[in-house]
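One structure below.
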2 protein chains.
Amino acid sequence: MSRASDRAYEAIRSMILSGELPAGAQLAEEALAERCGVSRTPVREALRRLESDLLVTRTDTQRSFVADWSIDDVADAFELRAMLEGKAARRAAERMTDAALDRIRGANRRIAEAVGRPVADVVGFLEGNRDFHAVILEVAGSRRLAALLSTLIEQPVVWRTAHQYGREALRRSHGEHEELIAAFARRDGAWAEAIMTGHILRAYHAYADAHRGLAEQGLVREAAE
Amino acid sequence: MSRASDRAYEAIRSMILSGELPAGAQLAEEALAERCGVSRTPVREALRRLESDLLVTRTDTQRSFVADWSIDDVADAFELRAMLEGKAARRAAERMTDAALDRIRGANRRIAEAVGRPVADVVGFLEGNRDFHAVILEVAGSRRLAALLSTLIEQPVVWRTAHQYGREALRRSHGEHEELIAAFARRDGAWAEAIMTGHILRAYHAYADAHRGLAEQGLVREAAE
DNA sequence: TCGAATGCTATTGTATACAAATGTCCGAGG
DNA sequence: CCTCGGACATTTGTATACAATAGCATTCGA
């Protein structure tokens, strides 16, 4: 962790994910440097990283803006993610160890707890979910696959609408994870791939439905205006 | 094209691809800056880009080295590339236009010419091949897919052994391209995907065979020592 | 009134200086 | 002979100054 540039990266990233910096906003290095309390050099580095994460775009004249994800972009990203995570699940099933399986079970147990709370703990759910998928990716054992997926997993729109998911959707997610665990326990790669692909695509449609609902209420574009 | 940093990127990249900078060599910013005739700042930027291309790795203490691609890494990359390019071919077939089809045919015609020369023109082949795949990716119309694939297409080991391919392998490649064109002409996504996946995997095995041959002659590792 | 040229401002690109961190090597002590 | 420290050399991180370039608005001419 090289202090300043990582701090800048985290700071800008969270400003984008939270919507504090709305889609289309210009990202001037000097202004960001001041807001992050560092100089332009680490900010520049952070912007390049965010650009490769596709959270930031640059015009042909090198000016940076918060990326504006259209509905099609999100669909595109989910489609690719479904394919790649499916692949990861297949590889993971074929290489699964008992120790890793325990960690995956633990993550899903934490998810169950978060969902079971009197008031569903969405942040807890997201954390458990992240761990669950991270262990699978680790067991899949492909640096490249991990690198490719890392640019697809965190999208601002999704992040901001995750809280719209109902308890039912969270519970269904937990159930699909249980099925994945069964596939892993049997080391059945094809099964794991099928479930994972469906799991991601279902998550996409849950997002799309929630987003459509918001759009009808005129609640989505406000941040960009 | 921001002059200095792009020059540094191209310069370092070609030094790696050509083997002038062997796998495992340390990349000190100052030394590279001097070799490229620029200051450290653009070199740093170039190194970050090369790192995201997986041509350069960094230790936990932030020192950069030319990435060392093991056989497994290469297999891994080809496997992913086969999947992603297959997907791209499917999408391209579904969205193909007559104009794009003409460009694809033109690229394959240039490949045929390069292969047909008295002495096979490998550089011409590679250029035509690049165009061929680039148009498909363009028609597929997924920025994300293009971004993911860009980190997989150019690998130093492959680059250096491409010249080992025999004329027969080049001709077979051309033939597979013709079949792809047929699938595109019929807008048959499933067909295009199947052929493309096979095309990439065949290329992988051609590479693996050539590489194995070199290894037996003890000709591969010399650059790393 | 419209369009093009021009000067001003904002923003990014590059170089360089210095600080912080890492690696290396050699000597003292066990 | 090995290991543990510590000084020195290398390398990377950050800040800042300055240069180059793009954007913008205003004005001048037709």
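Just so it is clear: chains get the letters A, B, ... in the order the sequence lines come, proteins before strands, and each one is counted from 1.
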- Message: Show every ring-ring contact (aromatic ring centres under 6.0 Å, His included) that has at least one partner inside residues 73-102 of chain A, sequence neighbours left out.
- Response: A/F78-A/Y204
- Whole-Å distance separating the CD atom of B/Q26 from the P atom of D/dT10: 12 Å
- Query: Within this structure, what is the CD-to-P distance between A/E45 and C/dT14, rounded to whole angstrom?
  - Reply: 15 Å
- Check side-chain contact (heavy atoms from CB on, under 4.5 Å) between A/R40 and all other residues, then give those that pass, not counting sequence neighbours. A/E29, A/E30, A/A33, A/R44
- Task: Classify every nucleotide of nucleotides 17-25 of chain C by which part a protein heavy atom approaches to under 4.0 Å, writing B for the base, S for the sugar-phosphate alone and - for neither, in 5'-to-3' order.
- Result: B----BS--
- B/E34 CD - D/dT11 C1' separation (whole Å): 15 Å
- Closest of D/dT16, C/dG13, D/dT12 to the A/S39 side chain is D/dT16
- Message: Classify the ring geometry of B/H177 against B/H133: parallel below 30°, tilted from 30° to 60°, perpendicular beyond 60°.
- Response: perpendicular
- Got a sec, which residues hit ring pair (Phe, Tyr, Trp, His ring centres under 6.0 Å) with B/F125, two or more places apart in sequence or on another chain? none
- What nucleic acid atoms does B/L27 come within less than 4.0 Å of, heavy atoms only: base, sugar-phosphate, or nothing? sugar-phosphate
- Message: Check this one for me: any side-chain N or O of B/R48 less than 4.0 Å away from OP1 or OP2 of D/dG13?
- Response: yes
- When rounded to whole Å, the OH to C1' distance for the pair A/Y9 and D/dG13 reads 19 Å
- Can you name the closest pair of heavy atoms from A/A8 and A/C36 and give their distance? CA-SG, 4.2 Å
- Message: Closest-nucleotide mapping onto DNA chain C: is A/T41 or A/L47 further toward the 5' terminus? I mean the 5' end.
- Response: A/L47
- Message: Output the rounded distance in Å from CG (B/L32) to C1' (D/dT10).
- Response: 14 Å
- Over how many whole Å does the gap from A/E29 atom CD to D/dT16 atom P extend? 15 Å
- From the options D/dA15, C/dT12, D/dT12, select the nucleotide whose nearest atom is closest to the side chain of A/Q62. C/dT12
- Message: So if I take every side-chain heavy atom of A/E30 and compare against C/dT14, D/dT14, C/dT12, which nucleotide ends up nearest?
- Response: C/dT12
- Query: For B/R95, what residues pass the side-chain contact (heavy atoms from CB on, under 4.5 Å) criterion, not counting sequence neighbours?
  - Reply: B/R91, B/V139
- Calculate the interatomic distance between A/R44 atom CZ and C/dA15 atom P; express it in whole Å. 12 Å
- Query: By side-chain contact (heavy atoms from CB on, under 4.5 Å), which residues pair with B/A147, not counting sequence neighbours?
  - Reply: none
